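Please read the structure below before turning to the comments.
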Amino acid sequence: MPWASTTLWKRVAAAVEYEFSTSAKQSFTSRWGNDAIQDVAVYIDDYLQKYPAERGASSAIHTLARLLRDGDWPPPEPRKEVEGHEPGSLRCYGFTDIKGMPPLIQAIVENCVADTEISRDYALAVALSCVSAAIGNRVKIKAWNRYQFANEYLLLIGPPKRSHKTASCDYAKQLINEVDWRLLAPHGGSVEGLVEALAEYPSLFWVRDEFAGLLKQIRGQDYMGPMREMMLELFSHAGLYKRQMARGRIYKANDPVLSILSGIQTERFAELMVGRETTESGFLGRFLLIDWPGPVDTWPVIEPWEADRQAIRLHLRKLSQATPVTVEARALQRPAGVWRDTAEEMFGEWGEKVAQRAEVHAIKLAVLLWCADKGPPQGGAVPDQYLSPALSLLERWFKAASSLIEQVHIKEAAEVKRRDLLAYIAASKNGGRTKALMLKFSQCSTRQLDESLDALVTRGDARMLTQDDGREVWYCVRS
């Protein structure tokens with residue numbers, strides 16, 4: 001089971017030790033790597049014969065058995081480096097650098113970052129979005145007894161200016177324009193304009209410099225309401241798409257595909273993208289979130305295969321002009337689904353929010369890597385070797401995104417407390433509150449209260465006055 005991380009395996013070891021070890025036994029984790037680890041399979045078999053799956057205490061072992069059913073024991077160690085690596089072989093398990101990516105992906109990344117300060121994670125997102133745009137509806141994927149395409153929605157998150165979101169999007173737009181200008185969606189953001197463009201050419205690459213503007217329009221303007229619904233549907237859609245627009249006109253598109261690359265400032269992401277309406281509807285989960293500057297890694301400077309612009313353009317054009325085929329991804333369903341079930345444990349409290357569509361993203365990325373590595377497929381099954389780097393890449397981005405969302409919620413919760421505290425101060429009959437009263441109201445520590453008051457004073461919402469008796473009283477500053 002090469003797609004499992006070392007951390008996951010050590011958690012497995014800890015779970016087995018908890019269920020089976022006694023005080024007389026040597027610690028299971030201390031024997032990590034020894035021959036005794038082979039006995040775990042025997043332990044599991046004995047346990048499953050004794051206890052049914054319905055027992056709460058045994059559920060972890062039954063889950064573990066399901067994980068191990070198709071895997072080898074002990075698992076291989078993740079490979080930090082791949083010696084003697086042949087471009088495109090994808091033999092690395094851990095995503096520590098770009099050497100495990102197909103040559104076409106390597107070439108686009110190096111071409112994108114040349115003479116710029118674009119981060120490698122942004123460049124990798126650009127490369128995958130360009131391959132996704134080029135493939136369009138040429139490769140239909142059959143998974144979970146339904147069909148979809150390898151289109152992806154990628155959102156670059158970072159501060160203004162320093163992160164170079166605009167430069168990343170501009171590179172992708174210019175490259176796809178050189179491949180086939182018909183692939184680019186119209187610049188306008190109206191629903192009717194996008195649907196009309198899909199009806200005319202059903203494979204579109206929508207590049208938006210700033211996603212916050214579109215999100216505000218979706219929230220605030222009635223005529224943009226159907227945009228989110230359309231984006232939700234087209235993420236995993238195959239077949240005939242029909243939409244009735246103004247004045248009763250009906251647009252039809254057969255096998256429409258929409259790939260998206262956009263950027264958004266971190267503060268605007270917190271305000272517009274993280275909320276109940278986006279998380280519960282699955283809107284957030286349809287996006288791969290790439291936070292700037294990305295996890296700290298040593299990215300080697302490589303000399304990839306034919307990294308010049310012309311070679312990149314020719315290979316993308318070959319993908320865009322391929323004969324439409326259907327590929328089978330049944331073999332990837334189960335490992336991708338099992339990996340998705342560990343999202344909350346792997347990525348923290350908010351991991352489930354960013355990994356809502358993890359199994360779908362995994363199969364789509366595996367297909368993208370396959371096509372980038374081998375060119376247009378001729379049908380058949382998606383090779384399972386491409387699932388490992390796809391999951392490694394998702395783990396990298398999901399961890400960063402869940403950490404970002406957790407920070408957003410912490411800041412949001414702190415702001416809610418400040419607003420409540422300010423309202424409590426303003427509601428005083430004499431216009432002020434003492435710290436003792438505020439501590440009783442807010443039910444927080446003195447340090448937390450001081451931090452909230454400092455923030456309110458700094459931004460001019462509250463002020464403190466010392467009374468004649470020496471008491472400090474805080475007042476609300478009314479506008």
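Remember, it's a predicted structure, so these values are computed and weren't measured experimentally. Start at 1 with the first residue, then count along the sequence.
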For this session: List the steps, then state whether side-chain contact (heavy atoms from CB on, under 4.5 Å) holds for L128 with L393.
Result: CA-CA 11 Å; L128 291 169; L393 186 56; 3.5 Å; yes

How long is the span from the [atom1] atom in [X] to the [atom2] atom in [Y], to the nearest 0.5 Å?
X    : Y    : atom1 : atom2 : value
R309 : C112 : CZ    : SG    : 9.0 Å
L156 : I264 : CG    : CD1   : 11.0 Å
F235 : I260 : CZ    : CD1   : 9.5 Å
L184 : Q174 : CG    : CD    : 10.5 Å
S236 : I141 : OG    : CD1   : 9.0 Å
K364 : I135 : NZ    : CD1   : 11.5 Å

Is there a side-chain contact between [X] and [Y], using heavy atoms and a 4.5 Å cut-off?
X    : Y    : answer
V457 : R463 : no
W339 : L394 : yes
L198 : Y251 : no
V179 : F205 : no
H315 : P103 : no
K435 : D450 : yes
R182 : E200 : no
L289 : I405 : yes

Between [X] and [Y], is there a donor-acceptor pair closer than 3.5 Å when you use the side chain of the first and the backbone of the second?
X    : Y    : result
S402 : K399 : yes
H361 : G285 : yes
Q106 : M101 : yes
S259 : S129 : no
Q333 : W144 : yes
Y122 : I157 : yes

Problem set entry | Check against side-chain contact (heavy atoms from CB on, under 4.5 Å), H164 and W292 | CA-CA 9 Å; H164 303 285; W292 181 87; 5.6 Å; no

Exercise. So, is the end of the R433 side chain (NZ or CZ) under 6.0 Å from the ring centre of Y424 and within 45° of the ring's axis?
Worked result: yes

For this session: Answer yes or no on whether K165 is positioned over the face of F211, meaning its NZ or CZ is under 6.0 Å from the six-membered ring centre and within 45° of the axis.
Result: no

For this session: Determine whether more than 12 heavy atoms belonging to other residues, nucleotides or ligands lie under 6.0 Å from atom CD of E233.
Result: yes

Exercise. Quick check: are there more than 12 heavy atoms from other residues, nucleotides or ligands sitting under 6.0 Å from CD of E178?
Worked result: yes

Taking all non-hydrogen atoms of both residues, which atom of [X] and which atom of [Y] are closest, and how far apart?
X    : Y    : result
L258 : Y153 : O-CE2, 3.2 Å
A329 : I363 : CB-CG2, 3.8 Å
P159 : T266 : N-OG1, 3.7 Å
S132 : L368 : CA-CD2, 3.6 Å
C130 : L175 : SG-CD2, 3.9 Å
L332 : A366 : CD1-CB, 4.1 Å

For this session: Go through the steps for L234 and N151 under the test side-chain contact (heavy atoms from CB on, under 4.5 Å), then give the verdict.
Result: CA-CA 9 Å; L234 291 182; N151 60 313; 5.5 Å; no

Problem set entry | E152/R286 salt bridge by N-O under 4.0 Å criterion | no

Exercise. Can we say R396 and D121 salt-bridge, meaning some charged N sits less than 4.0 Å from an Asp/Glu carboxylate O?
Worked result: yes

For this session: Begin from the C-alpha positions of L316 and V131 and carry the test side-chain contact (heavy atoms from CB on, under 4.5 Å) through to its verdict.
Result: CA-CA 7 Å; L316 289 175; V131 174; 4.1 Å; yes

Problem set entry | Partner of S168 under side chain to side chain contact (heavy atoms under 4.5 Å, CB included), chosen from I290, L261, V126 | V126

